[in-house]
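Notes for the one structure printed next.
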Amino acid sequence: MKQKLAVFLLIVLAAIAVWQWINSQKETVGLEIGNKAPNFEVTTLDGEKKSLSYFYGKKVLLNFWATWCPPCKKEMPIMQKIYEKHQDEVTIVAVNFTASEKSAKDVENFVQQAGFTFPILLDPKNKMNSGYKILTYPTSFFLDENGVIQDKVVGELNEKTIKEKLNLK
(Lines give C-alpha, C1' and ligand atoms only; values in the text may rest on other atoms or scores of the structure.)
Protein backbone atom coordinates (compact mmCIF):
# COMPACT_ATOMS: atom_id res chain seq x y z
CA MET A 1 0.00 0.00 0.00
CA LYS A 2 2.83 2.42 0.89
CA GLN A 3 4.54 1.67 -2.41
CA LYS A 4 1.37 2.45 -4.40
CA LEU A 5 0.91 5.71 -2.49
CA ALA A 6 4.54 6.67 -3.14
CA VAL A 7 4.18 5.96 -6.89
CA PHE A 8 0.92 7.93 -6.98
CA LEU A 9 2.53 10.93 -5.25
CA LEU A 10 5.50 10.74 -7.57
CA ILE A 11 3.19 10.80 -10.62
CA VAL A 12 1.25 13.77 -9.20
CA LEU A 13 4.46 15.70 -8.49
CA ALA A 14 5.79 14.96 -11.97
CA ALA A 15 2.53 16.13 -13.53
CA ILE A 16 2.66 19.38 -11.54
CA ALA A 17 6.28 19.96 -12.57
CA VAL A 18 5.44 19.39 -16.25
CA TRP A 19 2.40 21.70 -16.04
CA GLN A 20 4.48 24.48 -14.46
CA TRP A 21 7.22 24.09 -17.06
CA ILE A 22 4.69 24.30 -19.93
CA ASN A 23 3.13 27.44 -18.47
CA SER A 24 6.54 29.07 -18.02
CA GLN A 25 7.28 28.54 -21.73
CA LYS A 26 4.31 30.63 -22.91
CA GLU A 27 5.33 33.81 -24.65
CA THR A 28 4.42 37.15 -23.18
CA VAL A 29 3.16 39.72 -25.66
CA GLY A 30 4.58 43.18 -25.05
CA LEU A 31 7.10 45.80 -26.08
CA GLU A 32 10.08 44.67 -24.01
CA ILE A 33 13.03 42.67 -25.32
CA GLY A 34 12.10 38.99 -25.06
CA ASN A 35 8.37 39.65 -25.51
CA LYS A 36 6.41 38.59 -28.56
CA ALA A 37 5.71 41.76 -30.54
CA PRO A 38 2.03 42.71 -30.52
CA ASN A 39 0.36 41.59 -33.72
CA PHE A 40 -1.50 44.09 -35.88
CA GLU A 41 -3.31 44.33 -39.18
CA VAL A 42 -2.99 47.36 -41.45
CA THR A 43 -2.96 47.93 -45.20
CA THR A 44 -0.09 48.11 -47.66
CA LEU A 45 0.29 50.84 -50.25
CA ASP A 46 -1.51 48.44 -52.62
CA GLY A 47 -4.50 48.25 -50.27
CA GLU A 48 -3.79 44.68 -49.11
CA LYS A 49 -4.42 43.85 -45.47
CA LYS A 50 -1.31 42.48 -43.79
CA SER A 51 -0.64 41.46 -40.23
CA LEU A 52 2.75 41.46 -38.56
CA SER A 53 2.54 37.69 -38.17
CA TYR A 54 2.36 37.41 -41.99
CA PHE A 55 6.08 38.28 -42.04
CA TYR A 56 7.20 35.69 -39.48
CA GLY A 57 9.53 32.94 -40.65
CA LYS A 58 12.28 35.48 -41.32
CA LYS A 59 13.95 38.00 -39.07
CA VAL A 60 11.99 41.27 -39.16
CA LEU A 61 13.14 44.86 -38.97
CA LEU A 62 9.94 46.67 -37.93
CA ASN A 63 10.50 50.36 -38.60
CA PHE A 64 8.19 53.27 -37.74
CA TRP A 65 8.70 56.33 -39.94
CA ALA A 66 7.19 59.39 -41.66
CA THR A 67 8.00 61.25 -44.88
CA TRP A 68 8.54 64.52 -42.97
CA CYS A 69 11.25 62.91 -40.79
CA PRO A 70 14.79 63.65 -42.12
CA PRO A 71 16.48 60.74 -40.24
CA CYS A 72 13.78 58.39 -41.57
CA LYS A 73 14.47 59.47 -45.13
CA LYS A 74 18.21 59.05 -44.58
CA GLU A 75 18.00 55.47 -43.25
CA MET A 76 15.50 54.10 -45.76
CA PRO A 77 17.97 53.72 -48.68
CA ILE A 78 20.20 51.73 -46.30
CA MET A 79 17.26 49.50 -45.41
CA GLN A 80 16.53 49.03 -49.12
CA LYS A 81 20.14 47.99 -49.78
CA ILE A 82 20.02 45.44 -46.95
CA TYR A 83 16.59 44.20 -48.08
CA GLU A 84 17.84 43.63 -51.63
CA LYS A 85 20.88 41.71 -50.44
CA HIS A 86 19.32 39.67 -47.60
CA GLN A 87 15.61 39.34 -48.39
CA ASP A 88 15.84 35.55 -48.26
CA GLU A 89 16.63 35.76 -44.52
CA VAL A 90 15.23 39.15 -43.46
CA THR A 91 12.22 41.27 -44.21
CA ILE A 92 11.91 44.96 -43.55
CA VAL A 93 8.47 46.22 -42.61
CA ALA A 94 8.14 50.01 -42.58
CA VAL A 95 5.02 51.34 -40.86
CA ASN A 96 4.27 54.88 -41.98
CA PHE A 97 2.74 57.33 -39.48
CA THR A 98 0.08 58.11 -42.08
CA ALA A 99 -2.10 60.02 -39.61
CA SER A 100 0.61 62.72 -39.62
CA GLU A 101 0.98 62.89 -43.41
CA LYS A 102 -0.91 65.25 -45.73
CA SER A 103 -2.22 62.18 -47.58
CA ALA A 104 -1.47 58.54 -48.22
CA LYS A 105 -0.77 59.55 -51.82
CA ASP A 106 2.24 61.56 -50.58
CA VAL A 107 3.58 58.40 -48.97
CA GLU A 108 3.02 56.42 -52.17
CA ASN A 109 4.78 59.09 -54.26
CA PHE A 110 7.73 59.19 -51.86
CA VAL A 111 8.14 55.40 -51.93
CA GLN A 112 7.80 55.17 -55.73
CA GLN A 113 10.27 58.00 -56.39
CA ALA A 114 12.84 56.41 -54.10
CA GLY A 115 12.24 52.92 -55.52
CA PHE A 116 11.71 51.18 -52.18
CA THR A 117 10.55 47.58 -52.60
CA PHE A 118 10.29 46.39 -49.00
CA PRO A 119 6.79 46.29 -47.47
CA ILE A 120 5.38 49.70 -46.59
CA LEU A 121 2.37 49.64 -44.28
CA LEU A 122 0.02 52.54 -43.63
CA ASP A 123 -1.22 53.60 -40.20
CA PRO A 124 -3.90 56.21 -41.01
CA LYS A 125 -5.64 56.04 -37.62
CA ASN A 126 -2.45 55.99 -35.53
CA LYS A 127 -3.31 52.59 -34.03
CA MET A 128 0.10 51.02 -34.65
CA ASN A 129 2.19 53.98 -33.60
CA SER A 130 0.22 54.52 -30.40
CA GLY A 131 0.00 50.76 -29.72
CA TYR A 132 3.78 50.49 -29.96
CA LYS A 133 4.17 53.71 -27.92
CA ILE A 134 6.22 55.41 -30.62
CA LEU A 135 7.26 58.87 -29.48
CA THR A 136 10.30 59.48 -31.69
CA TYR A 137 10.81 58.84 -35.40
CA PRO A 138 12.34 56.67 -36.58
CA THR A 139 11.96 53.85 -34.08
CA SER A 140 12.84 50.27 -35.01
CA PHE A 141 12.21 46.88 -33.45
CA PHE A 142 14.31 43.85 -34.38
CA LEU A 143 12.32 40.61 -34.24
CA ASP A 144 13.39 37.01 -34.59
CA GLU A 145 11.69 34.55 -36.94
CA ASN A 146 8.89 33.99 -34.39
CA GLY A 147 8.16 37.65 -33.76
CA VAL A 148 10.02 37.91 -30.46
CA ILE A 149 11.64 41.31 -29.87
CA GLN A 150 15.42 41.01 -29.86
CA ASP A 151 16.23 44.71 -29.68
CA LYS A 152 14.84 48.22 -30.12
CA VAL A 153 16.55 51.32 -31.48
CA VAL A 154 15.13 54.83 -31.16
CA GLY A 155 16.63 57.12 -33.77
CA GLU A 156 18.35 56.77 -37.10
CA LEU A 157 19.87 53.43 -38.10
CA ASN A 158 23.07 52.94 -40.06
CA GLU A 159 24.12 49.89 -42.05
CA LYS A 160 26.47 48.57 -39.37
CA THR A 161 23.79 48.70 -36.67
CA ILE A 162 21.17 47.01 -38.84
CA LYS A 163 23.56 44.20 -39.76
CA GLU A 164 24.63 43.70 -36.15
CA LYS A 165 21.06 43.65 -34.83
CA LEU A 166 19.93 41.21 -37.54
CA ASN A 167 23.14 39.15 -37.34
CA LEU A 168 23.95 39.65 -41.02
CA LYS A 169 27.33 39.61 -42.76
For the aromatic rings, using the six-membered ring if either is Trp, is the centroid distance between Tyr56 and Tyr54 under 6.0 Å?
no
One should read off an interatomic distance between Asn35 CG and Leu143 CG, to the nearest 0.5 angstrom, of 11.0 Å
Over 12 non-hydrogen atoms of neighbours within 6.0 angstrom of CD in Glu84:
yes
Is the backbone of Val148 close enough, under 3.5 Å, to the side chain of Asn146 for a donor and an acceptor to pair up by distance?
no
Determine whether the aromatic ring centres of Phe97 and Phe64 lie less than 6.0 Å apart.
no
For Tyr132, which residues count as a side-chain hydrogen bond (donor to acceptor under 3.5 Å, both in side chains) partner, sequence neighbours excluded?
none
Please tabulate, for the side chains in residues 162-169, all donor-acceptor contacts under 3.5 angstrom to protein atoms that are two or more places apart in sequence or on a different chain.
residue, atom, partner, partner atom, Å
Lys163, NZ, Glu159, OE2, 3.1
Lys165, NZ, Asp151, OD2, 2.6

Here the gap from Thr67 atom OG1 to Lys102 atom NZ, rounded to the nearest 0.5 Å, amounts to 8.5 Å
Do you reckon Ile149 sits in the same ILVMFWY cluster as Leu157, going by side-chain contacts under 4.5 Å, direct or chained?
no
Are the charged groups of Lys74 and Glu156 less than 4.0 angstrom apart, N to O?
yes
Min side-chain heavy-atom separation Pro119-Thr44 under 4.5 Å:
no
Shortest non-hydrogen contact between Leu31 and Gly131, atoms and distance:
CD1-O, 3.7 Å
Side-chain heavy atoms of Val90 within contact of Val60, under 4.5 Å:
no
Taking all heavy atoms of Lys152 and all of Val154, pick out the closest pair and write down the distance.
CE-CG2, 3.9 Å
Nearest heavy-atom pair of Ser140 and Asn63: which atoms, and what distance?
OG-ND2, 2.8 Å
Spell out, as yes or no, whether a donor-acceptor pair under 3.5 Å connects the side chain of Asp123 to the backbone of Val95.
no
d(Glu75 CD, Ile82 CD1) to nearest 0.5 Å is 10.0 Å
To the nearest 0.5 Å, tell me how far Trp65 CH2 sits from Met76 CE.
4.0 Å
Within the structure provided, determine whether Val42 and Leu122 are in side-chain contact (heavy-atom separation under 4.5 Å).
no
Could you see if Val93 belongs to whatever hydrophobic cluster contains Leu61? Use Ile, Leu, Val, Met, Phe, Trp, Tyr and a side-chain cutoff under 4.5 Å.
no
For Asn39 and Ser53, indicate whether the former's side chain and the latter's backbone hold a donor-acceptor pair under 3.5 Å.
yes
Pro70 to Trp68 - nearest heavy-atom pair and separation
CD-O, 3.2 Å
